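Structure record follows, encoded as structure tokens.
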Amino acid sequence: MESMKNIIANMTKQKEQLCNNDQLQDEYCEKCNTRKSVVIEILGQKRKMPCLCKCESDKIKEQQLIEENKQKQMRLDKLKMNSLMDKKFEQCTFKNWNMDASNKKMYELGINYTKNWQKMKQDNIGFILYGGVGIGKTYLVSCIANALLEQYVPVIITSSIALLGRYKKAYLDKEAEVIITNNLQHADLLIIDDLGAENDTNWVKEKIYEIIDSRYRDSKPTIITTNLTLEQLREKLTGEDGVTRTYDRLLEMCYPIKLQGKSRRINAYNTKEKIIKNLLIN
């Protein structure tokens, strides 16, 4: 008798549920007037399932974009910190390039290199940029470095003197020396500015060879700038044994390009001279 009552109660409950199911309707957001719940039928029974309305969906997407941008900025900041770039050159960009007839070719070289970076990386293509003092070699390679860093490419850009100075400081600390070497190896592009300005010692020549040879063996691009002629650079890098192994490695990896133009340093001097003269007159 009790079981019959239970059966009747269950049948009544199911009937009420069916009636309620017939009354189920989609719900709409009051703000954006899009669905925030939808009625679907599963095994003959209607169910109301929650869903994101447009304004809630947009809010989540916005939060995701903010988080993605935050992560990208953190990654970029870390890359820039590890790039060894001097603060002075962090604002060197192609957007800030002061174009004139004497530096147009330099600009095009840098722009095209960064646009074709994947090909340059794949084929291990770099440059030896040589020419007179103050014509903009450092500015050019800094623009290349900053453009690639914005693409999250690991780049190290440093002068030969600064790089060798780091190795000297780590001379008695093997762990620190290993860290420097690993950072150089992990960089997709290594830019050594002002090669040839360093002291002419056996240790210097051996260390430069180690750095260049490591890049050569890893098939990773390197860009060199120097104020020396190619012949002077060749002599500078030649070891005591008379073998030009470092220079030969460089020529295999880096295509030599002679840059010409007006000295930017003279222009800067003339500009400052005018300012100072005006101060003295006033």
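Remember, predicted model here, so these are calculated numbers, not experimental data.
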For the side chain of [X] and the backbone of [Y], is there at least one donor-acceptor N/O pair under 3.5 Å apart?
X      : Y      : answer
Ser37  : Glu27  : yes
Thr114 : Leu148 : no
Asp123 : Ile125 : no
Asn96  : Cys92  : no
Lys236 : Ala197 : no
Lys104 : Met99  : no
Asn103 : Asp100 : yes
Thr34  : Lys54  : yes

Counting only heavy atoms from other residues, nucleotides and ligands, does the tally under 6.0 Å from [atom1] of [X] exceed 12?
X      : atom1 : answer
Lys48  : NZ    : yes
Gln63  : CD    : yes
Glu41  : CD    : yes
Glu108 : CD    : yes
Met74  : CE    : no
Tyr255 : OH    : no

Decide whether [X] and [Y] are clustered together by the hydrophobic rule: side chain heavy atoms of Ile, Leu, Val, Met, Phe, Trp, Tyr closer than 4.5 Å, transitively.
X      : Y      : result
Ile257 : Ile157 : yes
Val243 : Leu251 : no
Tyr209 : Ile128 : no
Val39  : Leu52  : no
Ile161 : Val133 : no

From [X] atom [atom1] to [Y] atom [atom2], the distance as rounded to the nearest 0.5 Å:
X      : Y      : atom1 : atom2 : result
Gln185 : Ser214 : CD    : OG    : 4.0 Å
Asn124 : Arg215 : CG    : CZ    : 8.0 Å
Leu164 : Arg166 : CG    : CZ    : 11.5 Å
Ile156 : Leu163 : CD1   : CG    : 8.0 Å
Ser159 : Asp86  : OG    : CG    : 7.0 Å
Tyr139 : Lys88  : OH    : NZ    : 12.0 Å

Notebook entry, point to check: Can Lys205 and Asp200 be said to form a side chain to side chain contact (heavy atoms under 4.5 Å, CB included), step by step?
Noted result: CA-CA 7 Å; Lys205 290 179 179 180; Asp200 193 4; 2.7 Å; yes

Check: [Y] and [X] side chains under 4.5 Å, non-hydrogen atoms:
X      : Y      : result
Ile223 : Cys254 : no
Glu30  : Lys36  : no
Glu90  : Met85  : yes
Leu237 : Leu250 : yes
Asn227 : Asp194 : yes
Leu259 : Leu140 : yes
Cys143 : Tyr107 : no
Ile192 : Ile211 : yes

Item checked: Lys59/Glu56 ion pair, N-O < 4.0 Å -> no

With distance as the sole criterion, is a donor-acceptor pair present between the side chains of [X] and [Y] under 3.5 Å?
X      : Y      : value
Asp193 : Thr138 : yes
Glu240 : Asn202 : yes
Glu67  : Gln71  : yes

Margin query: Between Ile144 and Leu189, is the side chain to side chain contact (heavy atoms under 4.5 Å, CB included) condition met? List the steps.
Written below: CA-CA 10 Å; Ile144 291 173; Leu189 176 63; 4.2 Å; yes

If every non-hydrogen atom of [X] is compared with every non-hydrogen atom of [Y], which pair is closest and at what distance?
X      : Y      : value
Tyr113 : Gly126 : OH-CA, 4.2 Å
Thr229 : Tyr130 : CA-CD1, 4.3 Å
Arg47  : Ile42  : CD-CD1, 3.9 Å
Lys137 : Gly131 : NZ-O, 3.3 Å
Ala170 : Glu177 : CB-N, 3.7 Å
Thr225 : Val141 : CG2-CG1, 3.6 Å

Check: What pairs with Asn112 under side-chain hydrogen bond (donor to acceptor under 3.5 Å, both in side chains), at least two apart in sequence or on another chain?
Finding: none

Item checked: side chain to side chain contact (heavy atoms under 4.5 Å, CB included) between Tyr247 and Leu230, intermediate numbers included -> CA-CA 9 Å; Tyr247 183 76; Leu230 293 181; 3.5 Å; yes

Next item on the list: List the steps, then state whether side chain to side chain donor-acceptor pair (under 3.5 Å) holds for Thr181 with Tyr167.
Entry: CA-CA 9 Å; Thr181 301; Tyr167 272 108; 3.1 Å; yes

Notebook entry, point to check: Can you name the one residue among Lys207, Arg245, Arg249 that meets side chain to side chain contact (heavy atoms under 4.5 Å, CB included) with Ile212?
Noted result: Arg249

Next item on the list: I would like to know whether Thr93 and Glu150 meet side chain to side chain contact (heavy atoms under 4.5 Å, CB included); could you show each step before the answer?
Entry: CA-CA 11 Å; Thr93 66; Glu150 290 291 337; over 6 Å; no

